Protein chains: 4
Amino acid sequence: MDAGERLFLEKGIAAASIDDIVRAANVAKGTFYLYFQSKDDLVAALRERYVETFQRRIADYEEAANPSDWSQRMQRFIEAVVETYLGSVELHDLLFHSADHHPERRASQSEEGIVRGLADRLKAGTEAGAWRVEDPEMTAILLYHAFHGALDHVAMTKKRKPSTKAVVATLRSFFSRVVQQT
Amino acid sequence: MDAGERLFLEKGIAAASIDDIVRAANVAKGTFYLYFQSKDDLVAALRERYVETFQRRIADYEEAANPSDWSQRMQRFIEAVVETYLGSVELHDLLFHSADHHPERRASQSEEGIVRGLADRLKAGTEAGAWRVEDPEMTAILLYHAFHGALDHVAMTKKRKPSTKAVVATLRSFFSRVVQQT
Amino acid sequence: MDAGERLFLEKGIAAASIDDIVRAANVAKGTFYLYFQSKDDLVAALRERYVETFQRRIADYEEAANPSDWSQRMQRFIEAVVETYLGSVELHDLLFHSADHHPERRASQSEEGIVRGLADRLKAGTEAGAWRVEDPEMTAILLYHAFHGALDHVAMTKKRKPSTKAVVATLRSFFSRVVQQT
Amino acid sequence: MDAGERLFLEKGIAAASIDDIVRAANVAKGTFYLYFQSKDDLVAALRERYVETFQRRIADYEEAANPSDWSQRMQRFIEAVVETYLGSVELHDLLFHSADHHPERRASQSEEGIVRGLADRLKAGTEAGAWRVEDPEMTAILLYHAFHGALDHVAMTKKRKPSTKAVVATLRSFFSRVVQQT
DNA sequence: AATGAATGAGTTTTCATTCAT
DNA sequence: TATGAATGAAAACTCATTCAT
């Protein structure tokens, strides 16, 4: 899986052959097929691993926050997302946005989970009076993609890449305006 | 090009062979290579055509608005984006987000152009006192991806798909909050 | 061996993998190679087992007949062949007629044994004045294949399959004509 | 097709790879797949070609006989079968008896055609009073397989191979006895 | 005696691209 | 300008066999 992930990142999924992967992993071709039914199966396994790792990291981060301090919780959430994404946007995009256009499968589990989590938080915060959000589901979608796109952009920036702190601040401010936080 | 576009949408770029395309177009294989250097070249041509069509449509829409009425201009802009995207997200994603992950090429021309245009408008609107945006470039990026993601989501929704009007209203409201329009 | 025989019959020799066989037999791959040198070796073992079983059954049947009553002996012989073949034509064809065409090995031991036995009987019967056969070797070959083909045909017949008795009668009558039995 | 036929005869169907075939035919691998969908498809094409050739040769032979002289017609028929089979038993067995045991497909078209033809002749001859055959269908099957097996045997005989003439005479005599020709 | 993970040579098949007509 | 037969490199996948445990 590590060899596959590395090669997929380097050359793209289509361009990395099973041959390349097993050579990099120092195993025989048959060994690959002992553990994965096909190349697609490996991609699926990598997707699963990505989602698990990602969600564990977000959870770890948020844990430390005071559950009733919504401002702090969102701060932590945004920090978690930024830190985690910046280290893995390439992989995320590779696994969830490239591949061969399977309309049905698109808008993948990974995103769904995060978006749903975000919507839940927005609703809870509204009920707690921390802010005012009329359509939490749609807002979650808009925020998710805004953040994702921005982090994609930052990750792609070669020179004068802004600091993590600056990115967090920018997203925090964007978030505040969107939820009309007082 | 039409045959290619149709088949790419149906089966994905990798899965649609030149053979399929020329058969659909009712020409011989050689004829294809008379007009395109390679399969990639066709994809590039489709990308170019997409960008042109897209930008012409946005411009057409906005033209009718009163240049000094920023509220109306943004309304028109959002309407244009929604109308145009809803009819072509699939194609857009196919051409600009799938394919073989060429990190360099990513964050494509298409997006850059629109994001730059949006940033310019945000800046001008701020200068005209229509709203207040501190970091127009970053805000443009955030807005662009928020909109794009939301439209992607809507396009993918199978049942109870919201009306264009409702989508425009949602995005308009999101926009207002983000730019702290008074 | 049983698992192999069953799977070979179900899927064909080439299509049944060692993996399938050991899984069906509930043993490990290594265990297979403890008892058989190769897949071919298993096929050879099945062939041997088939010939032994077949010839024992024929012998058992004929034993009960009066050795000097040729008419009865042939009746018993034909009964034995019909009974035995009808239960195993598929296996017989699988083991002796499919496989990878090794011209040398063809016209296999199994057939040779039976044909020789038949020729001997024809000769003995002629000497005993029971019938008149000029070229016993050739006649044995002709009879063997006639019987084998007919039984193959019957075994393959799906609906309105004739009874064993009817088949025996048909073959008996064919035999009589061929040996010009009076 | 010629290269395939030659190699299949030499090494067996399974052992002859597409690679071998295209090398022998002096064409590229792709060319093979331009004309045949798969290896099986080539085998099917060879089967078809075999049946056509075979039946044309039988028909050519019989044509010369006097239609009302049944003795002569059968003589011609047997001559045709012997001549034709002796030159192609190996190929016939390869195409129709080896392969991967497809119970349903067995007892192939080739045989069916010939057996049916033979049954028709037996019936017509009986009606014309040339001989007496009670069950023409079954007799045809028995005769077909007797002949086929005998010719197989002759073709396989390495030393002291009997002459075509001798084989024809043997089969002719066998036939006479079976149909109780007077 | 039994196991089963690992092997890798070998096979079929695909398809973008070329080029003589 | 158009054709389409021919190409062949490259890819995915299979499976009989081995051998350290």
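From a predicted model like this one, the values you see are computed outputs, not experimental measurements. Note that these values count all heavy atoms, side chains included, but never hydrogens, waters or copies made by symmetry. Residue numbering restarts at 1 for every chain, and letters A, B, ... go by the order of the sequence lines.
Between Y35(D) and F32(B), the residue anchored closer to the 5' end of DNA chain F is F32(B), taking for each the nucleotide with the nearest heavy atom. Both G30(B) and Q37(D) lie near DNA chain E, and the one whose nearest nucleotide falls closer to the 5' end is Q37(D). Mapping K39(C) and S17(A) onto DNA chain F by nearest heavy atom places S17(A) closer to the 5' end of the strand.
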- Message: If you apply the rule side-chain contact (heavy atoms from CB on, under 4.5 Å), what do you find for R47(A) with V51(A), and how did you get there?
- Response: CA-CA 6 Å; R47(A) 258 198 273 263; V51(A) 171; 5.6 Å; no
- Task: Could you go through the salt bridge (charged side-chain N to carboxylate O under 4.0 Å, His left out) check for R6(A) and D20(A) one step at a time?
- Result: CA-CA 11 Å; R6(A) 196 170 59 251; D20(A) 293 334; over 6 Å; no
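The side chain of Y33(B) lies closest to dA16(E) when the candidates are dA16(E), dA6(E), dT12(E). The side chain of T31(C) has dA2(E) as its nearest neighbour among dA2(E), dT3(F), dA6(E). Taking the side chain of D19(D) as heavy atoms from C-beta on, and the options dA5(F), dT12(E), dT17(E), the nearest nucleotide is dT12(E). With dT13(E), dG4(F), dT7(E) as the choices, the nucleotide that has an atom nearest any side-chain atom of S38(D) turns out to be dT13(E).
Inspection of the D41(C) and S38(C) side chains reveals no N or O donor paired with an N or O acceptor under 3.5 Å.
L34(A) places its CG atom 18 Å from the P atom of dT17(F), with the value rounded to the nearest Å. We find that CG of L42(A) is positioned 11 Å from P of dA12(F), with the value rounded to whole Å. Distance CG (N26(C)) to P (dA1(E)): 20 Å, rounded to an integer number of Å. Atom CD1 of I18(C) is separated from atom P of dT7(E) by 20 Å (rounded to the nearest Å).
H148(D) has its ring centre less than 6.0 Å from the ring centre of H92(D).
Counting distance only, with no hydrogens placed and no angle test, the side-chain atoms of K29(C) and the base atoms of dT18(F) include no donor-acceptor pair under 3.5 Å.
Using Watson-Crick or G-U wobble geometry with both donor-acceptor distances under 3.5 Å, dT3(F) finds its partner in dA20(E). Here dA1(E) sits opposite no nucleotide as a Watson-Crick or G-U wobble pair (both hydrogen-bonding atom distances under 3.5 Å).
Within 4.0 Å of F36(B), counting heavy atoms only, lies no atom of the nucleic acid at all. Residue contacts for V27(D): at a heavy-atom cut-off of 4.0 Å it reaches the sugar-phosphate backbone alone, with no base atom in range.
Ion pairing between D60(A) and R56(A) fails under the 4.0 Å rule for side-chain N and carboxylate O.
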